[in-house]
S.K.: 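Have a look at this one before I ask anything.
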Amino acid sequence: MQAIVIEDTQLVLREVEDPEPGPGEVVVDVAAAGVNRADVGQRKGLYPPPPGAPPYPGLEVSGVVSALGIGVKGRQVGDEVACLLAGGGYAEKVAVPAAHTLPVPAGVSLRDAASLPEVACTVWSNVVDRDALREGETLLVHGGGSGIGTFAIQLGKALGASVVVTARPAKHDRLRALGADLVVDYTTEDFVLATKEFTAGAGVDVILDIVGAPYLADNIEALAPNGRLTVIGLQGGRKAEIDLAMLFSRRASVSATSLRARPRADKSRIVAGVGHQVWPLVEAGTVKPVVHAALPLAEAAEAHRMMEASDHIGKILLLP
């Protein structure tokens with residue numbers, strides 16, 4: 001098969017060995033692969049794949065099951081699926097645990113389904129499973145125009161929360177159309193003041209942050225009493241100081257999570273939770289895929305350029 005390999009930080013299309021399914025795994029003929037910020041980090045040598053994962057980038061795909069490993073239940077050859085991966089998605093085929101696959105949601109094309117697994121599992125596992133966002137609360141999402149951001153807006157609204165996002169001005173109208181109640185221009189506005197004004201001084205209940213260190217102090221200041229901050233990215237840096245007195249005064253919690261390196265059983269639990277709670281919202285049209293562009297697999301380098309420019313809204317896909 002053909003796959004994108006990383007050679008001296010460059011993405012190159014090469015012939016590689018076809019994958020074989022291990023116990024409990026299926027092989028999927030890839031229809032489309034989602035591009036994620038983590039893939040850029042892997043290309044640069046900053047985010048290596050976990051042990052046992054394919055060396056090729058790609059954390060989510062959609063496609064058709066073409067082979068079954070020993071002990072697979074609930075999947076058959078010919079099933080159309082969306083898959084959460086530890087790596088290997090930039091390829092014509094990929095082996096994946098059957099428990100990390102979901103049926104393509106009714107009403108969603110096989111291609112567009114590739115835009116869902118990574119963002120759905122990331123947002124659900126943090127905003128719902130960990131931080132227990134409730135109806136009537138306020139969610140703040142940094143990077144509102146990203147795949148994570150556009151999905152979190154829709155899921156937050158579906159859960160009955162108010163949603164605040166930060167984004168560049170060119171993206172504001174589109175994000176409001178997705179349901180954002182307040183969009184803050186992080187290049188010129190103070191998101192702490194904006195969120196405090198929006199919440200009449202109360203602060204926000206849950207924050208999903210991709211920036212990391214530079215936003216830590218301001219994120220804590222923006223929290224309401226009993227607020228929950230989860231950091232899922234380090235785009236701005238790794239090290240910062242915490243004012244513990246501010247945490248105490250808010251009875252707040254700060255956590256940091258990643259999805260890729262979680263144990264297989266934990267990922268299976270997350271995928272099952274997404275299937276139970278999120279997939280019905282997708283099938284009802286309440287939460288929709290947001291696809292910015294779909295490029296041929298051979299143009300993976302251009303897809304990364306688009307990702308790094310951060311002018312996109314939603315997901316970028318690669319098509320083998």
S.K.: Donor-acceptor check, side chain of R305 to backbone of A301, threshold 3.5 angstrom: yes or no?
M.R.: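 No, the answer is negative, given that no donor and acceptor are paired below the 3.5 Å cut-off.
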
S.K.: Return the minimal non-hydrogen interatomic distance between K44 and T9, and the atom names on each side.
M.R.: CA-CG2, 4.4 Å

S.K.: First locate atom CD1 of I4, then atom CD of E299, and finally report the distance between them rounded to the nearest 0.5 Å.
M.R.: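 Between atom CD1 of I4 and atom CD of E299 there are 10.0 Å.
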
S.K.: In Å, rounded to the nearest 0.5 Å, how long is the span from CG of L175 to CZ of R168?
M.R.: 12.5 Å

S.K.: Starting from L317, walk the hydrophobic network (Ile, Leu, Val, Met, Phe, Trp, Tyr; side-chain heavy atoms closer than 4.5 Å) and list everyone else you reach, by chain and number.
M.R.: V291

S.K.: Can any side-chain N or O of R228 pair as donor or acceptor with the backbone N or O of A132 at less than 3.5 Å?
M.R.: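 Yes.
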
S.K.: Nearest 0.5 angstrom please: L13 CG to Q2 CD, how far?
M.R.: 4.0 Å

S.K.: Show every ring-ring contact (aromatic ring centres under 6.0 Å, His included) that has at least one partner inside residues 194-219, sequence neighbours left out.
M.R.: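 Residue pairs with at least one partner in residues 194-219: H142-Y215, F191-Y215.
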
S.K.: Could you give all pairs that pass the salt bridge (Lys or Arg N to Asp or Glu O under 4.0 Å) test and reach residues 177-191, with sequence neighbours left out?
M.R.: K157-D181

S.K.: I would like to know whether E20 and V27 meet side-chain contact (heavy atoms from CB on, under 4.5 Å); could you show each step before the answer?
M.R.: CA-CA 7 Å; E20 295 291 336; V27 171; 5.9 Å; no

S.K.: Given 3.5 Å as the limit, does a donor-acceptor pair link the side chain of D205 with the main chain of T138, or not?
M.R.: yes

S.K.: Going only through I, L, V, M, F, W and Y residues with side-chain contacts under 4.5 Å, is there a path from Y56 to L85?
M.R.: no

S.K.: Using the ring-ring contact (aromatic ring centres under 6.0 Å, His included) rule, collect all pairs that involve residues 91-134, keeping only residues at least two apart or in two chains.
M.R.: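 Every pair satisfying ring-ring contact (aromatic ring centres under 6.0 Å, His included) with a residue in residues 91-134: there are none.
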
S.K.: I'd like to know if K315 pairs up with D112 as an ion pair, taking the criterion as any Lys NZ or Arg NE/NH1/NH2 lying under 4.0 Å from an Asp or Glu carboxylate oxygen.
M.R.: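 Here K315 does not pair with D112 in a salt bridge, since their nearest N and O are not under 4.0 Å apart.
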
S.K.: Identify the two heavy atoms, one from G22 and one from E25, that lie closest to each other, and give their separation to 0.1 Å.
M.R.: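 Smallest heavy-atom distance, with atoms named: N-OE1, 2.7 Å.
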
S.K.: Would you mind checking if E118 and R37 are paired as a salt bridge, meaning a charged N to carboxylate O distance below 4.0 Å?
M.R.: no

S.K.: Taking the side chain from Q42 and the backbone from A38, do they hold a donor-acceptor pair closer than 3.5 Å?
M.R.: no

S.K.: Can you see which heavy atom on A33 is nearest to which on G89, and at what distance?
M.R.: CB-O, 3.3 Å

S.K.: Do side-chain atoms of D209 reach the backbone of G212 as a donor and acceptor pair under 3.5 angstrom?
M.R.: yes

S.K.: For the residue pair L84 and C121, what are the closest heavy atoms and their distance?
M.R.: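 Shortest heavy-atom contact: CD2-SG, 3.9 Å.
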
S.K.: Output yes when a side-chain donor or acceptor of K196 lies under 3.5 Å from a complementary backbone atom of E221, and no otherwise.
M.R.: yes

S.K.: Show, in sequence, the C-alpha distance, side-chain angles and deciding distance for Q154 and V290, and conclude whether the side-chain contact (heavy atoms from CB on, under 4.5 Å) test is met.
M.R.: CA-CA 10 Å; Q154 297 179 82; V290 180; 3.8 Å; yes

S.K.: Which residue pairs pass the salt bridge (Lys or Arg N to Asp or Glu O under 4.0 Å) test when at least one of the two sits in residues 236-253, sequence neighbours left out?
M.R.: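 Output for this query is empty, none listed.
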
S.K.: State plainly whether one hydrophobic cluster holds both V12 and V40, where clusters connect Ile, Leu, Val, Met, Phe, Trp and Tyr through side-chain heavy atoms under 4.5 angstrom apart.
M.R.: no

S.K.: Running the 4.5 Å side-chain criterion over Ile, Leu, Val, Met, Phe, Trp and Tyr, what cluster does V104 land in, apart from itself?
M.R.: V64, L110

S.K.: Would you please name every residue forming a side-chain contact (heavy atoms from CB on, under 4.5 Å) with T195, sequence neighbours left out?
M.R.: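 L140, V164, V204, A222.
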
S.K.: Treat each ILVMFWY residue as a node, draw an edge where side-chain heavy atoms are under 4.5 Å apart, and state whether F151 and I316 are in one component.
M.R.: no

S.K.: Looking only at heavy atoms, which two atoms of L318 and P296 are closest? And how far apart?
M.R.: CD2-O, 3.6 Å

S.K.: Quick one: do V127 and L155 satisfy side-chain contact (heavy atoms from CB on, under 4.5 Å)? Show the steps, please.
M.R.: CA-CA 9 Å; V127 172; L155 184 58; 5.6 Å; no

S.K.: List for me each residue that meets side-chain contact (heavy atoms from CB on, under 4.5 Å) alongside I210, sequence neighbours excluded, and say none if there are none.
M.R.: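 Once residues adjacent in sequence are excluded, the partners of I210 under the side-chain contact (heavy atoms from CB on, under 4.5 Å) criterion are I232, Q235.
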
S.K.: Just verifying a value: how many Å separate S253 OG and R130 CZ, rounded to the nearest 0.5 Å?
M.R.: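 Reported to 0.5 Å precision, the distance equals 8.5 Å.
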
S.K.: Please tell me whether T257 and N126 have a donor and an acceptor in their side chains that are separated by less than 3.5 angstrom.
M.R.: yes

S.K.: Please check this pair: side chain of E283 against backbone of P105, looking for a donor-acceptor N/O pair closer than 3.5 Å.
M.R.: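 Flag not set: sc E283 to bb P105 has no pair under 3.5 Å.
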
S.K.: Looking only at atom types and distance, does a side-chain atom of E137 sit under 3.5 Å from a main-chain N or O of R134, one as donor and one as acceptor?
M.R.: yes

S.K.: Please check if I148 and V61 belong to a single hydrophobic cluster, counting links between Ile, Leu, Val, Met, Phe, Trp and Tyr side chain heavy atoms closer than 4.5 Å.
M.R.: no

S.K.: Between L216 and L244, is there shared hydrophobic-cluster membership here, with clusters defined by ILVMFWY side-chain heavy atoms closer than 4.5 Å?
M.R.: yes

S.K.: Got a sec, which residues hit side-chain contact (heavy atoms from CB on, under 4.5 Å) with P320, two or more places apart in sequence or on another chain?
M.R.: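 side-chain contact (heavy atoms from CB on, under 4.5 Å) check on P320 returns V30, E92, L297.
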
S.K.: Measuring from atom OG1 of T166 to atom OH of Y186, what distance do you get when rounded to the nearest 0.5 angstrom?
M.R.: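 OH of Y186 is found 7.5 Å from OG1 of T166.
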
S.K.: Under the side-chain contact (heavy atoms from CB on, under 4.5 Å) rule, what do V35 and H304 come out as? Steps first, then yes or no, please.
M.R.: CA-CA 8 Å; V35 177; H304 277 217; 4.1 Å; yes

S.K.: Which heavy atom in G145 sits nearest to a heavy atom in T150, and how many Å separate them?
M.R.: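 Closest approach of G145 to T150: O-CG2, 3.9 Å.
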
S.K.: Can you name the side-chain contact (heavy atoms from CB on, under 4.5 Å) partners of A86, sequence neighbours left out?
M.R.: P50, A53, K267

S.K.: Less than 4.5 Å apart, any side-chain heavy atom of S255 and any of T230?
M.R.: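 The answer is yes, as the side chains (C-beta and beyond) meet within the 4.5 Å cut-off.
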
S.K.: Which residue pairs pass the salt bridge (Lys or Arg N to Asp or Glu O under 4.0 Å) test when at least one of the two sits in residues 8-17, sequence neighbours left out?
M.R.: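 Qualifying pairs, neighbours excluded: E7-R14.
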
S.K.: Please list all pairs meeting side chain to side chain donor-acceptor pair (under 3.5 Å) that have one or both residues in residues 67-84, counting only residues at least two apart or in different chains.
M.R.: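 Applying side chain to side chain donor-acceptor pair (under 3.5 Å) to every pair that reaches into residues 67-84, excluding sequence neighbours, yields R75-T101.
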
